[in-house]
Amino acid sequence: MDLVAKYQGVVGRVFRNENSGSSEDSYVERLLDRISNGVLAEDRRAAMLELQSVVSESRAGQMAFGAMGFPVILSVLKEERDDFEMVRGALETLVGALSPIGHAKGPANEVQPTLMNSDLLSREVDNISLLLSLLSEEDFYVRYYTLQLLTALLTNSPQRLQEAILSIPRGITRLMDMLMDREVIRNEALLLLTYLTREAEEIQKIVVFEGAFEKIFSIIKEEGGSEGGVVVQDCLELLNNLLRNSASNQVLLRETMGFDQLLSVLKLRGTTYKFTQEKTINLLSVLETINLLIIGGPETDPGRDSNKLTNKTVLVQKKVLDHLFMLGVESQWAPVPVRCAALHCIGDLIVNHPKNLEELASKRLGEEPDLEPALNSVLRILLRTSSKQEFMAADYLFKNFCQQNPDGQTMLASTLILQPESMIHAPVEEDVNMSFGSMLLHGLTTGENEGDVETCSRAASVLSHVIKSNNQCKEKVLQIELEAPTPILGRAEPLLHRMVKYLALASSMKSKDGKSSTSENVFVQPIILKLLIIWLSDCPNAVQCFLDSRPHLTYLLELVSNPTTTVCVRGLAAVLLGECVIYNKSNASGRDAYSIVDAISQKVGLTSYFLKFDEMQKSSLFTSAKPFLPRKSLTRSSAASMAEIGDGANEASDQKNEHPMLASVFDSPFIYFLKRLEADIREKMVEAYSSPKSQVTVVPAELEQRSGENDVDYIKRLKTFVEKQCHEIQDLLSRNATLAEDLARTGGNNSSSLERKVSGGSDRVQLETLRRDLQEASQRIETLKADKAKAELEASTYKNLAGKTESDLKSLSDAYNSLEQANFRLEKEVDALKSGDIEALKEEAREEALKESEAELSDLLVCLGQEQSKVEKLSTRLRELGEDVDILLEGIGDDAGADNADEDEED
């Protein structure tokens with residue numbers, strides 16, 4: 001029994017404790033000995049049944065079995081395949097050893113025997129191969145218990161089992177063959193495959209290659225489609241596992257089988273108002289499948305975008321919108337989760353898809369002749385529904401319809417036509433014959449008499465999508481006047497003013513009980529503020545319309561500084577105030593950007609104002625804002641709880657937690673939009689404090705020309721005054737710019753703790769007084785610093801000038817001394833010339849002349865010597881030639897003397 005010793009060595013260290021000698025251990029050991037060494041078959045089978053009972057009812061029995069039982073049971077499966085009873089008993093025993101016992105709860109840190117047993121069994125690949133080989137046995141129960149054992153093993157050790165199955169030849173094929181087996185085995189195999197394909201991409205590919213799509217839809221059809229039970233749910237869960245992270249599997253499904261069989265599951269059969277829990281789960285699973293096809297695959301897949309676009313196109317061509325509108329709009333008896341999921345699917349189908357957007361815009365619901373545009377029906381649901389989840393789903397549809405769709409926005413805005421007075425105050429149920437825009441305006445004005453600000457806020461949310469990033473639609477809506485002009489009431493009220501009125505109405509209703517706010521107001525004010533922010537963005541005419549009523553600015557300043565409002569309301573109000581600055585093109589007194597900045601500084605304070613931005617950014621809604629979160633994958637554990645959510649439960653959950661509603665307001669695009677606006681607002685504030693106002697100040701009376709003052713003096717005095725004023729203005733602007741930059745950069749964090757401590761009017765006044773005194777003292781310090789710096793600069797200048805002057809004086813002194821010395825030398829020379837000996841000078845001249853004569857004589861002697869040499873050479877040559885030199889030389893001197901004598905006589 002070397003194998004037994006091996007298992008005892010591995011497991012004994014884990015399981016052995018103070019109760020190792022308990023009766024369960026010895027009893028399990030005796031039973032294993034009877035199974036391994038027994039002679040009588042009946043005795044061995046009885047021992048197997050007793051062992052099965054022990055491990056399924058006792059944790060101690062499971063622990064003892066893990067320490068010594070696996071080798072014995074596995075040897076039965078290997079060597080006694082023909083004895084079906086022993087094989088069944090062995091498989092049931094293994095299932096019991098791997099199944100947790102619910103009523104037995106030990107300490108939290110105690111080792112779980114089921115997990116350890118699963119680890120021991122899956123450690124050897126040969127064990128998994130042995131179990132898969134049992135699936136080919138003819139005995140029904142052998143195959144059934146083998147599938148149960150593999151499912152339990154996969155639940156406890158999924159990674160190891162997936163690796164083992166992949167390494168075994170035809171391992172997945174054997175499991176897929178079980179889908180064509182008897183119903184019970186098929187269902188077990190289906191459940192096993194759903195667990196097996198949740199994360200294993202390689203197994204998903206093999207399962208698809210083995211014809212999973214055909215088998216899945218065959219089972220769904222056989223079970224009755226959406227009317228089927230849990231088997232259909234398992235089929236759809238397996239289908240979703242195969243499609244979730246694989247664009248290639250989606251392409252294979254689309255190009256081989258198509259989407260017809262999938263969409264057939266969405267068809268409502270039988271009684272349309274009968275929605276059982278299982279039917280609801282099945283419909284939610286199919287809607288999840290459609291959502292996976294719309295997503296197109298994982299984000300890392302390079303072909304995701306093209307696959308997503310193709311899936312959307314094919315789904316709409318297959319009339320999926322008909323089924324989705326039937327579930328989400330036309331079927332009044334459909335559960336809330338189904339309606340919400342259907343509306344979300346519609347929104348995902350149309351976003352950034354021009355053809356699908358056109359299809360939805362032209363879609364009409366109902367029967368002849370009472371056809372109605374589909375968008376009108378969705379808007380009616382949005383305004384009327386009692387479920388906030390359904391409102392969010394319908395609002396999501398409108399947001400996606402208007403996203404990057406200016407033509408669609410213009411189409412919806414063109415229908416914004418005010419109905420007659422009788423229709424304005426008509427009940428909401430009488431909006432069947434209204435256009436989209438008229439119904440929307442009806443919803444916006446419903447709260448005037450009944451105080452129904454929630455309906456108004458819902459309509460405001462739709463209107464914000466219609467006008468977002470579309471100035472043409474903003475201008476169109478800006479021209480809407482809700483009341484006909486009358487001489488008594490004066491000018492008609494613009495729609496923008498009515499929205500501000502409802503914002504104030506929601507605020508007053510919030511404090512009506514004096515204790516707590518109603519659940520509606522938690523999201524009503526943010527939605528209306530979001531509409532106003534989008535409306536005023538890059539629309540100076542809207543800003544002008546907003547500021548046309550002076551109380552609007554006053555109320556907004558109060559809302560920013562109101563401590564009873566929420567952080568997001570104060571932050572959004574601060575953003576709206578900032579838009580009145582950065583998009584303000586007015587030059588009118590009291591309405592221009594500088595006046596708004598002054599009002600903010602005086603009523604709120606720049607420190608407190610910038611603090612509102614920081615508080616909003618630090619709020620959980622702002623920091624955790626993400627795109628619309630996808631639904632979690634439906635499993636047996638999660639589907640039941642989701643399907644049970646109805647109108648009442650949903651309402652209760654909404655009242656309990658309003659964050660989903662606020663999250664729909666603070667979605668990621670709007671958060672990015674607010675961050676960009678905040679940066680622009682801070683920059684504009686700095687600019688406003690560092691640039692002069694455009695208005696011309698009044699010249700003081702003392703600057704008038706004085707009597708008797710001539711024009712030249714008057715101009716000089718004015719010039720001096722203007723220069724002084726310019727210096728002071730530049731100094732003030734520089735200081736203001738520095739202050740504004742500090743506030744914009746810090747957001748007032750340094751003084752936020754101080755402001756939070758202030759409560760009551762007297763403390764607030766005292767704080768403002770101290771703040772002004774501190775500011776004046778700071779200004780005086782800055783002035784003194786500037787004066788000190790100026791004095792130091794002047795002193796340094798004078799010091800440098802003195803040094804330069806001293807250097808120049810030294811240079812002049814040196815030059816003077818040099819001149820004195822030269823003058824003295826010249827005077828000496830003159831005196832020497834005057835008093836010197838003339839004879840000495842003559843003698844010196846004579847000597848110089850003699851020297852010159854001697855030099856000339858020396859030169860003549862040299863020349864004579866040269867001539868004499870030449871004569872001697874010529875004489876020698878003549879002698880060589882035979883001439884008598886003496887005879888030739890005779891008379892040469894005389895001839896020269898005679899010539900000279902003749903010359904003298906002539907003279």
Side-chain angles (χ1 to χ4, degrees), residues 1-8 10-12 15 19-101 103-104 113-114 116-118 120-122 124 126-153 178 181-182 184-185 188:
M1 294 295 293
D2 293 338
L3 190 59
V4 174
K6 174 184 176 183
Y7 273 87
Q8 286 178 342
V10 173
V11 184
F15 289 136
N19 297 323
S20 60
S22 63
S23 58
E24 286 84 354
D25 292 345
S26 58
Y27 183 48
V28 169
E29 186 175 3
R30 290 196 303 269
L31 292 177
L32 291 173
D33 182 67
R34 287 169 57 188
I35 294 172
S36 177
N37 301 320
V39 178
L40 299 177
E42 292 298 330
D43 182 60
R44 295 178 67 238
R45 291 169 185 165
M48 185 68 76
L49 290 176
E50 293 180 24
L51 179 62
Q52 174 188 340
S53 177
V54 170
V55 298
S56 62
E57 297 178 359
S58 170
R59 287 169 57 90
Q62 291 178 338
M63 295 173 66
F65 177 82
M68 62 190 81
F70 279 108
V72 177
I73 299 301
L74 291 176
S75 66
V76 172
L77 296 179
K78 293 177 182 177
E79 301 171 4
E80 303 181 37
R81 298 281 285 267
D82 295 335
D83 191 344
F84 291 136
E85 290 192 27
M86 286 296 293
V87 173
R88 291 176 199 165
L91 291 172
E92 287 189 76
T93 302
L94 290 175
V95 172
L98 269 60
S99 301
I101 300 175
H103 64 273
T114 56
M116 184 58 67
N117 291 342
S118 299
L120 291 173
L121 182 58
S122 61
E124 299 292 337
D126 293 339
N127 296 341
I128 308 302
S129 179
L130 173 62
L131 295 178
L132 290 177
S133 66
L134 293 175
L135 294 177
S136 60
E137 294 292 337
E138 297 181 358
D139 188 76
F140 168 81
Y141 289 101
V142 171
R143 300 196 303 275
Y144 176 72
Y145 290 129
T146 300
L147 289 173
Q148 281 195 333
L149 178 59
L150 289 172
T151 302
L153 196 58
M178 295 296 100
D181 208 320
R182 295 168 60 177
V184 177
I185 293 180
E188 286 294 330

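All heavy atoms count here, side chains included; hydrogens, waters and symmetry mates do not.
- Between the side chain of Q62 and the backbone N or O of G96 there is at least one donor-acceptor pair closer than 3.5 Å.
- Ion pairing of E42 with R45 is present here, as a side-chain N (NZ or NE/NH1/NH2) and a carboxylate O approach within less than 4.0 Å.
- Judged by distance alone, with hydrogens and angles left aside, the side-chain atoms of S75 form a donor-acceptor pair with the main-chain N or O of V72 at under 3.5 Å.
- Contact annotation: the side chain of F65 approaches that of T93 to within less than 4.5 Å [non-hydrogen atoms, C-beta and beyond].
- From Y144, atom OH reaches atom CG of L149 across 12.5 Å, with rounding to the nearest 0.5 Å.
- Within the 3.5 Å criterion, the main-chain N or O of V95 finds no donor-acceptor partner in the side chain of Q52.
- Between atom CG of residue L31 and atom CE of residue M68 there is a gap of 10.5 Å, rounded to the nearest 0.5 Å.
- Side-chain atoms of R44 come within 3.5 Å of backbone atoms of I35 as a donor-acceptor pair (strictly under, hydrogens ignored).
- Between the S56 side chain and the S53 main chain, a donor and an acceptor come within less than 3.5 Å of each other.
- With values rounded to the nearest 0.5 angstrom, M86 atom CE is found 7.0 Å from I73 atom CD1.
- Across I128 and L121, no two heavy atoms sit closer than the pair CD1-O, 4.4 Å.
- Although no hydrogens or angles enter the test, the distance criterion places a donor-acceptor pair under 3.5 Å between the side chain of N117 and the main chain of A97.
- Atom CZ in R143 sits 6.0 Å away from atom CE in M178 (nearest 0.5 Å).
- Between the side chain of S122 and the backbone N or O of S118, at least one donor-acceptor pair lies under 3.5 Å.
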Next item on the list: Show your reasoning for whether side-chain hydrogen bond (donor to acceptor under 3.5 Å, both in side chains) applies to E50 and Y27.
Entry: CA-CA 10 Å; E50 293 180 24; Y27 183 48; 2.7 Å; yes

